[in-house]
There are 2 protein chains.
Amino acid sequence: MAKNKTHRLGDLQLRIMKVLWERRGASVAEVLDALDDSDASLAYTTIATMLRKMEVRGLVSHRTEGRSFIYAPQVEERDVSRSMANHLVDRLFEGSLFDAVSHLLTTREVSRDELKQLEKLIADRKKKL
Amino acid sequence: MAKNKTHRLGDLQLRIMKVLWERRGASVAEVLDALDDSDASLAYTTIATMLRKMEVRGLVSHRTEGRSFIYAPQVEERDVSRSMANHLVDRLFEGSLFDAVSHLLTTREVSRDELKQLEKLIADRKKKL
DNA sequence: ACGTATCTACTACCTTGGTAGTATTACCAC
DNA sequence: GTGGTAATACTACCAAGGTAGTAGATACGT
């Protein structure tokens, strides 16, 4: 029953989702706390508002615990990643997986180790065909 | 003089850019024409307005030819692709190239042939290290 | 010369993401 | 029981993407 809807999350939305996926649910305060490092801190109400909007969109749901809401993901990380990645591959490389990987490999720094891992990955994938 | 600015184009913007990249410049009518297949057709003014907005953002420029504008790309496809792909890899996979490729490989259909090509690609890349 | 088609300019509107302030409610500590 | 604290609700705003209508200018065919 994985909804085949295509998900397109904004930056903040995705960061929030990552917190929820990681802890399988969190209050506004917890999300805020988790996001507070690394970059400019947001207002409590920013998170709260965003979560409410996301609930309307069906990305999250909440249950009440005491006086506060515990939000939980309503979509799976895998689905979101897949649909966003696919969307980009389609947009940028007309759906060509090869072109996409090729692009990544030629425009980014890659370590020898990563290449080795990738080789292994492909070998594995081959076996499964 | 490749601006290192990070580009984030919307769907329509990208489709327009692709037309401009392909023909190194085009009038509104030509762009509209090129986009008209495949999906719901847009209004002439939609393209015109979008191009004007894109010019403000520095994505395109125009010269006048007769009474009409010929728009030309002001950013390179490679740069746009790179920055959009990187952005996604960062957002979705915390910057891990391996995770990104791995995800693509496991959630998409891949033909034996593609895998072979990828192997070759990686081997080549390895040599260049 | 006149009407029609073609262009650009301007304006408008809707949606979504992002950000946050204010108001209200409810609970907790003392 | 009163003040502070922590939550949610509501409202507002801005920017950007997307879509398109209307108006005004211009060229072109006959």
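Keep in mind it's a predicted model, so treat the numbers as computed, not measured. Below, read A as the first sequence line, B as the second, and so on, with proteins coming before strands; counting in each chain starts at 1.
- Taking 4.0 angstrom as the limit, B:Tyr44 places none of its side-chain polar atoms (N or O) nearer than this to OP1 or OP2 of C:dT6.
- If you check C:dT8, C:dG17, C:dG21 against the side chain of A:Thr49, the one that comes closest is C:dG21.
- For D:dA9, the OP1/OP2 oxygens have a side-chain nitrogen or oxygen of A:Arg52 closer than 4.0 Å.
- As judged by a 4.0 angstrom heavy-atom cut-off over every strand, A:Ala43 is placed among residues touching the sugar-phosphate backbone only.
- Residue-level contact check: A:Ser27 touches neither bases nor backbone, having no heavy atom under 4.0 Å from any strand.
- Residue contacts shown for B:Ser68 are limited to sugar-phosphate atoms, with no base heavy atom under 4.0 Å away.
- With rounding to whole Å, A:Leu42 atom CG is found 5 Å from C:dT19 atom P.
- As a whole-Å value, the separation of A:Leu35 CG from C:dT19 C1' is 14 Å.
- Separating the NE2 atom of B:His87 from the C1' atom of C:dG17 is a distance of 12 Å, rounded to the nearest angstrom.
- For the pair A:Arg8 and C:dG17, the criterion of a side-chain N or O lying under 4.0 Å from OP1 or OP2 is not met.
- A salt bridge links B:Arg63 with B:Glu65: at least one charged nitrogen is closer than 4.0 Å to a carboxylate oxygen.
- Going from atom NZ of A:Lys53 over to atom C1' of C:dT15 covers 10 Å, rounded to whole Å.
- Of the possible donor and acceptor atoms, none in the side chain of A:Trp21 sits under 3.5 Å from a partner among the backbone N and O of A:Ala72.
- Taking only side-chain atoms of B:Gln13, from C-beta outward, the nucleotide of D:dG18, D:dA20, C:dG17 with the closest atom is D:dG18.
- As rounded to whole Å, 9 Å separates atom P of C:dT8 from atom CG of B:Leu51.
- Both A:Ile47 and B:Ile70 sit near DNA chain C, but only B:Ile70 has its closest nucleotide nearer the 5' end.
- Distance CE (B:Met50) to P (C:dT8): 16 Å, rounded to an integer number of Å.
- With distances taken from any side-chain atom of A:Arg57 to the nucleotides D:dA16, D:dG18, C:dT16, the minimum falls on C:dT16.
- Across all non-hydrogen atoms, the minimal contact from A:Val110 to B:Arg125 is CG2-NH2, 3.7 Å.
- Residue A:Arg15 contributes atom CZ, which lies 12 Å from atom C1' of C:dT19 at whole-angstrom precision.
- Between C:dC28 and A:Arg67, no contact under 4.0 Å exists linking OP1 or OP2 to a side-chain N or O.
- Using the six-membered ring where Trp is involved, A:Phe69 and A:His62 have ring planes that are parallel, under 30° apart on the 30 and 60° scheme.
- The shortest distance between the side-chain N/O atoms of A:Thr46 and the OP1/OP2 oxygens of C:dG18 is not below 4.0 Å.
- Straight-line distance from the CZ atom of A:Phe69 to the C1' atom of D:dA6: 13 Å, rounded to whole Å.
- A tilted orientation is assigned to the rings of B:His103 and B:Phe93, their planes being inclined by 30° to 60°.
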